[in-house]
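Right, one structure below, let's go through it.
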Amino acid sequence: MTLSLSLCGALIFGAAFLGGIIPLWVKPTSENHLKLFISFGAGLLLSMAFLHMIPEAFKLIPKTFGIWLLTGFCLLLFLERFIMVHACEEHGCHYHTLGIAAFLGLTIHGIIEGFALASSQLITNLGFLVLIAILSHKAPAGIALTSILKMSGKKNNQILGFVCGVALSGPLGIFLAYWILQSEDYQSVAGILLSISAGTFLYIGACDLLPEIHRTDGEKLKRLAAFCAGILISVLSGHLLD
């Protein structure tokens, strides 16, 4: 595995682990800054998928990229329907599911993101943008998991174990994608992975993160600005990478 991918894996692990341990020592007083990062991530994920990942996948597998794009989108839809954590609008409720279900959902989520990063890094020059998109919501996901586990009555040492498991899922996804991409039919496999990754980015950005900018409170304009900033970074970086 290349040094750059190893470094990316370390950064993803660090962001998820740090986010996971923060609630063990710090009791959050406001989620405003957290929601700004989430809104920024939504803009970056959606623009990454539409402007960069989908066009690259089309070049690699023009006849079937749409099928795999839809597969990635539906994969997260089905996972979230049954086991994955999901944002909640109800007062005092942050996520619908609790405990082990949240852990399983975020672990699968992390593996898929690792696939997205490795395929983008090895196939295109979009690896850095994908890394930023993942990091923008990795810490918030860790904070959510620990908060849920604390509500479930788990002890601190148990929570640390769960947090480490989720944090390792991203590097695991990177390793698996790197191994799969050693296939002789490199272009076809690469196109499939990139299409699936784009589909998951569309789902995460549109269904999980984007609703944050629609909340009716005093921060909605700031969140919209953060969302637009994510898009702008993707657009400008795309021009620089061409």
Q: Not counting sequence neighbours, which residues clear side chain to side chain donor-acceptor pair (under 3.5 Å) with T200? List them please.
A: none

Sequence neighbours left out, what passes side chain to side chain contact (heavy atoms under 4.5 Å, CB included) with [X]? Give chain and number order.
X: I67; value: T71
X: L172; value: I111, L176
X: L202; value: L46, A49, F50, I54, L69, F73
X: C74; value: L70, F78

Q.
Is there a side-chain contact (heavy atoms from CB on, under 4.5 Å) between I196 and I192? Walk through the geometry before answering.
A. CA-CA 6 Å; I196 292 175; I192 290 172; 3.8 Å; yes

(Q) Test of understanding: with ring-ring contact (aromatic ring centres under 6.0 Å, His included), list the residues that count as partners of F65, not counting sequence neighbours. (A) F58

Give the minimum heavy-atom separation between [X] and [Y], together with the two atoms involved.
X: S169; Y: G110; result: OG-CA, 3.3 Å
X: A177; Y: A118; result: CB-CB, 3.5 Å
X: G9; Y: P171; result: O-CG, 3.4 Å
X: C8; Y: L131; result: SG-CD2, 3.8 Å

Q: Have a look at I12 and tell me which of I174, L7, L168 forms a side chain to side chain contact (heavy atoms under 4.5 Å, CB included) with it.
A: I174

**Q.** Minimum side-chain heavy-atom gap S47-V235 below 4.5 Å
**A.** no

Q) Going from OG on S195 to CD on E56, what distance comes out if it is rounded to the nearest 0.5 angstrom? A) 11.0 Å

Q | From OG (S188) to CD1 (I61), nearest 0.5 Å | A | 6.0 Å

